[in-house]
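Contents: one structure, followed by commentary.
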Amino acid sequence: KNQVEQSPQSLIILEGKNCTLQCNYTVSPFSNLRWYKQDTGRGPVSLTIMTFSENTKSNGRYTATLDADTKQSSLHITASQLSDSASYICVVSATAGTALIFGKGTTLSVSS
Amino acid sequence: GAVVSQHPSRVICKSGTSVKIECRSLDFQATTMFWYRQFPKKSLMLMATSNEGSKATYEQGVEKDKFLINHASLTLSTLTVTSAHPEDSSFYICSARRDSSYNEQFFGPGTRLTVL
């Protein structure tokens with residue numbers, strides 16, 4: 001069964017600190033993996049998207065890694081800001097063009 | 001990134017009325033758009049796939065006569081919630097797929113529907 005699991009479910013960190021969010025998937029055949037940021041009451045916004053041949057991709061203070069062998073991905077946030085408070089969703093596509101498989105997200109709260 | 005808009009952003013209606021939500025891809029053509037529903041603190045649930053010029057494909061358990069989808073052009077898909085009831089209250093999000101090596105989906109900002 002195609003599944004995407006994220007951990008932790010929620011996380012609270014102090015402003016300026018770094019954090020890493022985890023994503024494990026059992027989707028096959030794998031096409032690509034995406035990380036989205038969703039603010040409360042808003043639609044998801046794409047942070048990174050990677051295919052199996054890409055090990056790491058950065059977008060500003062966000063860096064995603066992908067290990068296609070172990071089927072794991074991580075999203076590292078550097079020097080967190082209050083505006084980073086949101087839900088971070090890991091999404092995997094089984095085959096290009098097919099429906100996306102969503103993780104339940106990690107809720108990040110950055111406090112001052 | 002590509003821009004997808006939704007209108008309205010919020011709507012409150014009486015039970016039994018119908019509500020139309022528009023999803024537009026502003027800077028690219030999308031032959032395929034998707035409609036999702038999201039409950040508080042839950043993940044997005046795919047409701048249907050909207051294909052330009054043809055009938056939408058609905059996910060199991062989603063009533064096609066309840067949630068009417070029209071994808072009349074390459075930049076516009078509409079979702080009409082017919083005879084809305086309080087249990088239809090939810091956050092509805094659309095996405096548009098841009099043809100590329102990633103076939104990336106770009107999400108709209110969402111529509112908050114409240115049925116009284």
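Below, chains carry the letters A, B, ... as their sequence lines are ordered, and counting in each starts from 1.
Of all the heavy atoms in A:K104 and B:S43, the pair that sits closest is CA-CB, 4.1 Å.
Taking a 6.0 Å sphere around CD1 of A:I12, one finds it holds 12 or fewer heavy atoms contributed by other residues, nucleotides or ligands. In the displayed structure, A:Q81 atom CD is contacted under 6.0 Å by more than 12 heavy atoms of other residues, nucleotides or ligands. The 12-atom threshold is not exceeded at NE2 of B:H7, counting heavy atoms of other residues, nucleotides or ligands nearer than 6.0 Å. Within 6.0 Å of CD in A:Q9 there are 12 or fewer heavy atoms belonging to other residues, nucleotides or ligands.
B:Y92 and B:M33 end up in different hydrophobic clusters when Ile, Leu, Val, Met, Phe, Trp and Tyr side chains are linked at under 4.5 Å. Cluster annotation: A:V91 is not connected to A:V27 through the hydrophobic network of ILVMFWY side chains, with a link wherever side-chain heavy atoms come within less than 4.5 Å. Grouping the Ile, Leu, Val, Met, Phe, Trp and Tyr side chains by contacts below 4.5 angstrom, directly or via other members, places B:L116 apart from B:L113. Hydrophobic cluster membership differs between B:F67 and B:F34, with clusters built from Ile, Leu, Val, Met, Phe, Trp and Tyr side chains linked at under 4.5 angstrom. Linking Ile, Leu, Val, Met, Phe, Trp and Tyr whenever their side-chain heavy atoms come within less than 4.5 Å leaves A:F102 and A:W35 in two separate clusters.
Counting heavy-atom pairs closer than 4.5 Å to chain A, the top residue among B:F107, B:F91, B:Y36 is B:F107.
Within residues 15-24 of chain A, no residue has any heavy atom less than 4.5 Å from a heavy atom of chain B.
B:Q105 CD to A:I49 CD1: the interatomic distance, rounded to the nearest 0.5 Å, is 9.5 Å. One distance of note links NZ of B:K41 with OG1 of A:T107; it measures 6.5 Å at 0.5 Å rounding. Residue A:Q38 holds its CD atom at 4.0 Å from CD of B:Q38, rounded to the nearest 0.5 Å.
Counting only heavy atoms from C-beta outward, the side chains of A:P44 and B:I93 approach each other to under 4.5 Å. In this structure, A:Y36 and B:L44 have side chains that are not in contact, with every pair of non-hydrogen atoms separated by 4.5 Å or more.
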